[in-house]
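Notes to accompany the following structure.
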2 protein chains.
Amino acid sequence: MRNRLKILRAERNWSQADLADRLSVSRQTVNAIETEKYDPSLPLAFKIADLFALRIEDIFAPA
Amino acid sequence: MRNRLKILRAERNWSQADLADRLSVSRQTVNAIETEKYDPSLPLAFKIADLFALRIEDIFAPA
DNA sequence: TCATTATGTAAAATAAACTTGACACAATGT
DNA sequence: ACATTGTGTCAAGTTTATTTTACATAATGA
């Protein structure tokens, strides 16, 4: 699942660890999502969208 | 995760099995999501939103 | 040069999503 | 009375998401 996490992070100058902290997940989870190793769960996708004040569809796109 | 699947199904007069077929998942998966036994994966949430031509946030809401 | 930070990745474990197969029950139609 | 349909649920198994711990490497700063 393609996503704009890296860009959204860069805009805020956040490291993967920073983002992980704000999402209460591990740094490896953030890394795995960014590098498309796996997709976030729906609850996590909601958390991410919430954090960036965007809609899920504005951050993630299938395949 | 609260969701409007049952309503959206009812509007179309689809059974859980009908919806499952359209989503290429099992009937039990649809039932489990409707009865909030678990949340769909993000890819499945996208499929559902796509099928109903709605946004994920218009179908699902955290907790 | 040394310590720190950011990122990528791996392995092993647990949790969550999803499958198939099955059974029960209520409602509907023949 | 019988068969069918829709829904809820359970058990056992597979796949996917997430965790912790750990290691490698590149870049930065003292």
Side-chain angles (χ1 to χ4, degrees):
Chain A
M1 171 120 5
R2 295 184 41 211
N3 69 79
R4 309 205 309 123
L5 278 193
K6 192 170 181 169
I7 293 162
L8 293 167
R9 258 196 323 110
E11 287 172 356
R12 288 155 184 80
N13 202 30
W14 291 347
S15 68
Q16 291 182 347
D18 289 334
L19 177 55
D21 281 350
R22 288 171 206 262
L23 295 171
S24 302
V25 295
S26 69
R27 179 181 70 82
Q28 285 81 347
T29 290
V30 168
N31 183 272
I33 294 167
E34 281 196 11
T35 57
E36 300 187 17
K37 287 236 234 6
Y38 51 73
D39 301 319
S41 66
L42 185 56
L44 181 50
F46 265 97
K47 255 187 172 179
I48 293 168
D50 214 54
L51 179 59
F52 291 115
L54 290 171
R55 288 187 298 240
I56 291 174
E57 288 88 347
D58 293 330
I59 302 177
F60 298 94
Chain B
M1 171 115 18
R2 295 185 44 211
N3 68 78
R4 308 205 311 122
L5 278 193
K6 192 169 182 170
I7 294 163
L8 293 167
R9 257 195 326 108
E11 286 172 355
R12 286 155 185 81
N13 202 30
W14 289 349
S15 68
Q16 290 182 348
D18 289 334
L19 177 54
D21 282 349
R22 288 172 207 261
L23 296 171
S24 302
V25 296
S26 70
R27 179 181 70 82
Q28 286 83 343
T29 291
V30 169
N31 183 271
I33 294 167
E34 282 196 9
T35 56
E36 300 187 17
K37 287 236 261 320
Y38 50 73
D39 301 318
S41 67
L42 185 56
L44 181 51
F46 264 98
K47 256 187 171 178
I48 293 168
D50 214 54
L51 178 59
F52 291 115
L54 290 171
R55 288 187 298 241
I56 290 174
E57 287 88 348
D58 293 330
I59 302 177
F60 298 94

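Numbers restart at 1 for each chain; the letters A, B, ... are given by sequence-line order, proteins then strands.
Between the B:Asp39 side chain and the A:Pro43 main chain, no donor and acceptor come within less than 3.5 Å of each other. Although no hydrogens or angles enter the test, the distance criterion places no donor-acceptor pair under 3.5 Å between the side chain of A:Arg27 and the main chain of A:Gln16. Remark: the backbone N or O of A:Ser15 is paired with a side-chain donor or acceptor of A:Asp18 at under 3.5 angstrom.
Where B:Leu44 and A:Arg9 meet DNA chain C, the nucleotide closest to each residue was compared, and A:Arg9 sits on the side nearer the 5' end. Comparing A:Val30 and B:Asp18, the nucleotide of DNA chain D nearest to each residue sits closer to the 5' end for B:Asp18.
At C:dT7, none of the side-chain N or O atoms of A:Asn31 fall inside 4.0 Å of OP1 or OP2 (strictly under the cut-off). The side chain of A:Gln16 places an N or O atom within less than 4.0 Å of a non-bridging phosphate oxygen (OP1 or OP2) of C:dG8. For A:Thr29 and D:dT19, the shortest distance from a side-chain N or O to OP1 or OP2 is below 4.0 Å. Phosphate contact (OP1/OP2 of C:dA17, side-chain N/O of A:Ser41, threshold under 4.0 Å): absent. Put simply, B:Thr35 has no side-chain N or O that comes within less than 4.0 Å of OP1 or OP2 on D:dG8.
Counting to the nearest Å, the C1' atom of D:dG8 and the CZ atom of B:Arg27 are 8 Å from each other. Following rounding to the nearest Å, B:Leu23 (CG) and C:dA17 (P) show an atom-to-atom distance of 16 Å. Here C:dC18 presents its P atom at 10 Å from CG of B:Leu42, a figure rounded to the nearest Å. Rounded to an integer number of Å, the gap from A:Met1 CE to D:dA17 C1' is 13 Å. One can place CG of A:Asn13 at 13 Å from P of D:dT28, the figure rounded to the nearest angstrom. What separates OH of A:Tyr38 from P of C:dT9 is a distance of 13 Å, to the nearest Å. C:dT19 atom C1' lies 15 Å from atom CG of B:Asp21, rounded to whole Å. In this structure, A:Leu19 atom CG and C:dT7 atom P are separated by 10 Å, rounded to whole Å.
Summarising the geometry of A:Ala49 relative to A:Ile59, their closest heavy-atom pair is CA-CD1, 3.7 Å, with the distance given to 0.1 Å.
With hydrogens and angles ignored, a donor-acceptor pair under 3.5 angstrom links the side chain of A:Gln28 to the base of D:dT21. Donor-acceptor pairing under 3.5 Å, judged by distance alone, is absent between the side chain of B:Glu34 and the base of D:dG8.
Of the candidate nucleotides C:dA17, C:dC18, D:dT9, C:dC18 has the atom lying nearest to any side-chain atom of B:Ile33.
Using a 4.5 Å heavy-atom threshold, the side chains of B:Leu19 and B:Leu51 count as touching.
Residue contacts for A:Ser26: at a heavy-atom cut-off of 4.0 Å it reaches a base atom on one of the strands shown.
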